[in-house]
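What follows is a set of notes on a single structure, which appears directly below.
In this chain, residues are counted from 1 in sequence order.
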Amino acid sequence: MGAVTLRVADLDGMIRYYRDGVTLELLRHDGPLAVLGRGTTPIIVLEHAPELRHASPRDAGLYHTAILFDTREALATAIYSVASRYPGTFTGSADHLVSEAFYFTDPEGNGVELYFDRDRSAWSWVHGTVEMATLHLDPNAYLREHLGEPGVQAAAAGTGLGSAIVGHVHLSVGDVASAREFYVERLGFETTAEMGDQALFVSAGGYHHHMAMNTWGSRGAGRRGLALGLGKVEIVVPDAEELGALGERMAHFRVGVRDDGRTLAFDDPWANLVEVRAAE
């Protein structure tokens, strides 16, 4: 997964949240556009759009952006930083068997997951389905076990530890059947887990999930109007050949695609913009 673009009303406030709270680095800030990430990897792109309004909580759109950290210490550092600077944004935590996850809501209502993956050898697969669960995970106990003095110092400095990427993107959609048809049958992801007509998890390359779609708060939602929140989901494929094959597949299914020679862009059934590019 590439960077997730968010349309925001308060650009400076949102930069502070993701930089000073989540411990991402401000990689670029050009007028109404800010890019945050780690090293040279963009994770969150913020587009200033103060003229827009917030969507209804029942609308389709972003459920959360999930940021994957490379070590438990790096994750604990980010959790400690957000909890210290933005304590009211923590919404929960869970052991998902494949991962350890902590959930937040940014100042404009966008969901954020900060997580660490267990080693793939510990994941359990049965007939192509990965075993996931939602088990109790005490955030205070997690910090006591994994947050050391280097993490405390890094959080105080707003720098964080280790590396991070967008691990997966979770969307709110109107119905799971349409999500499966689009993201699996057309786009080409593989289903890794399902929760009846409530949620679908999909991936490529044997990951537990690169994307998820649920109807928990958005069942029956139609196409999105222009609003604050999710602006774009970026997917990165291995090479130009894969990008070309995707373009042919989407043409076969008569999905309207914008092709600028470097990226393919298209809307899912709820008008969530998806942009696909080849790895550099």
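- Residues Gly167 and His210 come closest through the heavy atom pair O-CD2, 4.0 Å.
- Classified by interplanar angle (parallel below 30°, tilted 30° to 60°, perpendicular above 60°), the ring pair His64/Tyr103 is tilted.
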Open item on the list: One pair to check against side-chain contact (heavy atoms from CB on, under 4.5 Å): Leu62 and Leu6. What are the steps and the verdict?
Closed with: CA-CA 9 Å; Leu62 183 68; Leu6 302 175; 3.7 Å; yes
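- We find the OG1-CG distance between Thr5 and Leu46 to be 8.5 Å, quoted to the nearest 0.5 Å.
- Asp59 CG to His54 NE2: the interatomic distance, rounded to the nearest 0.5 Å, is 13.0 Å.
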Task: Test log, rule side-chain hydrogen bond (donor to acceptor under 3.5 Å, both in side chains), inputs Arg38 and Thr23 - done: CA-CA 9 Å; Arg38 283 285 179 88; Thr23 69; 2.7 Å; yes
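- Classification of the His208-His168 ring pair by plane angle, with boundaries at 30° and 60°, yields perpendicular.
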- [ ] Apply salt bridge (Lys or Arg N to Asp or Glu O under 4.0 Å) to the pair Arg118 and Asp95, showing each step before the final yes or no.
- [x] CA-CA 10 Å; Arg118 286 194 170 91; Asp95 181 341; 2.8 Å; yes
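- Using modelled atom types, one finds no donor on one side chain facing an acceptor on the other under 3.5 Å when comparing Tyr115 with Glu100.
- The shortest side-chain heavy-atom distance between Leu147 and Thr77 falls under the 4.5 Å cut-off.
- When side chains are defined from C-beta on, Asp20 counts as touching Arg85, because their heavy atoms get closer than 4.5 Å.
- The two atoms that bring Ala34 and His29 nearest to each other are CB-CD2, 4.1 Å, heavy atoms only.
- Within the 4.5 Å cutoff, side-chain heavy atoms of Asn214 are placed close to those of Tyr63.
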Open item on the list: For a ring-ring contact (aromatic ring centres under 6.0 Å, His included) check, start with the C-alpha distance between Phe104 and Phe90, then their side-chain angles and the critical distance, and finish with the verdict.
Closed with: CA-CA 4 Å; Phe104 301 83; Phe90 176 73; 5.5 Å; yes
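- A side chain to side chain contact (heavy atoms under 4.5 Å, CB included) with Ile165 is found for exactly one of Asp70, Leu68, Ile67, namely Leu68.
- Closest approach of Pro139 to Ser93, counting heavy atoms only: CD-OG, 3.7 Å.
- Remark: Leu230 CG to Ser172 OG distance equals 10.0 Å, nearest 0.5 Å.
- When atom types are taken as modelled, the side chain of Ser84 and the backbone of Tyr80 share a donor-acceptor pair closer than 3.5 angstrom.
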TODO: Test side-chain contact (heavy atoms from CB on, under 4.5 Å) on Ile15 and Val8 and set out the steps.
DONE: CA-CA 10 Å; Ile15 289 173; Val8 303; over 6 Å; no
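- Just one of Leu273, Asp259, Asn272, Val257 meets the side chain to side chain contact (heavy atoms under 4.5 Å, CB included) condition when paired with Phe266; it is Val257.
- Between Arg277 and Asp260 there is no salt bridge, since none of the side-chain N atoms of the basic residue sits less than 4.0 Å from a carboxylate O of the acidic one.
- The nearest pair of heavy atoms linking Ala155 to Ser81 is CB-CB, 3.9 Å.
- With hydrophobic clusters built from ILVMFWY side chains whose heavy atoms lie under 4.5 angstrom apart, Leu226 does not share a cluster with Leu33.
- Both Val184 and Val176 are assigned to one and the same hydrophobic cluster, defined by single-linkage of ILVMFWY side chains at heavy-atom distances under 4.5 Å.
- Note: Tyr207 and His209 have parallel aromatic rings, judged against thresholds of 30 and 60 degrees for the angle between ring planes.
- With respect to the salt-bridge test (charged N to carboxylate O, under 4.0 angstrom), the residues Arg19 and Glu25 do not qualify.
- Ion pair Arg72/Asp117 not flagged as a salt bridge, since none of the NZ, NE, NH1 or NH2 atoms sits closer than 4.0 Å to an Asp/Glu carboxylate oxygen.
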Open item on the list: What verdict does the salt bridge (Lys or Arg N to Asp or Glu O under 4.0 Å) test give for Glu47 and Lys232, after you've listed the backbone C-alpha separation in whole Å, the side-chain angles of each residue and the deciding distance to 0.1 Å?
Closed with: CA-CA 10 Å; Glu47 289 185 352; Lys232 181 174 66 180; over 6 Å; no
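- With a 4.5 Å cut-off on side-chain heavy atoms, Met14 and Asp106 count as touching.
- When all heavy atoms of Ala78 and Phe69 are compared, the pair lying nearest together is CB-CZ, 3.6 Å.
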Task: side-chain contact (heavy atoms from CB on, under 4.5 Å) assessment of Asp267 paired with Arg223 - done: CA-CA 10 Å; Asp267 294 337; Arg223 291 177 65 84; 3.7 Å; yes
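- Atom CZ of Arg224 is separated from atom CG of Asp268 by 8.5 Å, given to the nearest 0.5 angstrom.
- Using a distance-only test at 3.5 Å, with no hydrogens or angles considered, no donor-acceptor pair links the side chain of Arg219 to the main chain of Asp175.
- Residues His136 and Asp138 have side chains in contact (heavy-atom distance under 4.5 Å, counting atoms from C-beta outward).
- Residue Glu51 qualifies as enclosed at atom CD: its count of foreign heavy atoms under 6.0 Å is above 12.
- In this structure, Ser218 contributes its side chain and Val173 its backbone to a donor-acceptor pair below 3.5 Å.
- Between the side chain of Ser56 and the backbone N or O of Arg58 there is at least one donor-acceptor pair closer than 3.5 Å.
- Considering only heavy atoms from C-beta on, Phe182 stays 4.5 Å or farther from Trp270 through its side chain.
- In the hydrophobic cluster analysis, where Ile, Leu, Val, Met, Phe, Trp and Tyr join through side-chain heavy atoms closer than 4.5 angstrom, Leu228 is grouped apart from Leu11.
- Ring-plane geometry between His170 and Trp216 is classed as tilted, the angle between the planes lying from 30 to 60 degrees on a 0 to 90 degree scale.
- For Arg258, the CZ atom is densely surrounded, since the number of other residues' heavy atoms within 6.0 Å is greater than 12.
- Both Phe102 and Leu143 are members of a single hydrophobic cluster when ILVMFWY side chains are connected at heavy-atom separations under 4.5 Å.
- Looking at Thr89 and Tyr17, their side chains do bring a donor and an acceptor atom within 3.5 Å of each other.
- In this structure, CG in Leu246 is found 5.5 Å from CG in Leu264, a value given to the nearest 0.5 Å.
- Under the 4.5 Å side-chain heavy-atom criterion for ILVMFWY residues, no single connected hydrophobic cluster contains both Val98 and Phe189.
- Counting all heavy atoms, side chain and backbone alike, Leu200 lies closest to Glu194 at CD1-CG, 3.7 Å.
- Ion pairing between a basic and an acidic side chain is recognised when a charged N comes within 4.0 Å of a carboxylate O; Glu185 and Arg180 show no such pairing.
- For the pair Glu234/Val166, no side-chain contact is recorded, criterion being any heavy-atom separation below 4.5 Å from C-beta on.
- With contacts defined as side-chain heavy-atom distances shorter than 4.5 Å, the pair Met132/Phe201 qualifies.
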- [ ] Report the C-alpha separation of Val45 and Val4 in whole Å, then their side-chain angles, then the decisive distance to 0.1 Å, and conclude whether the side-chain contact (heavy atoms from CB on, under 4.5 Å) test is met.
- [x] CA-CA 6 Å; Val45 178; Val4 171; over 6 Å; no
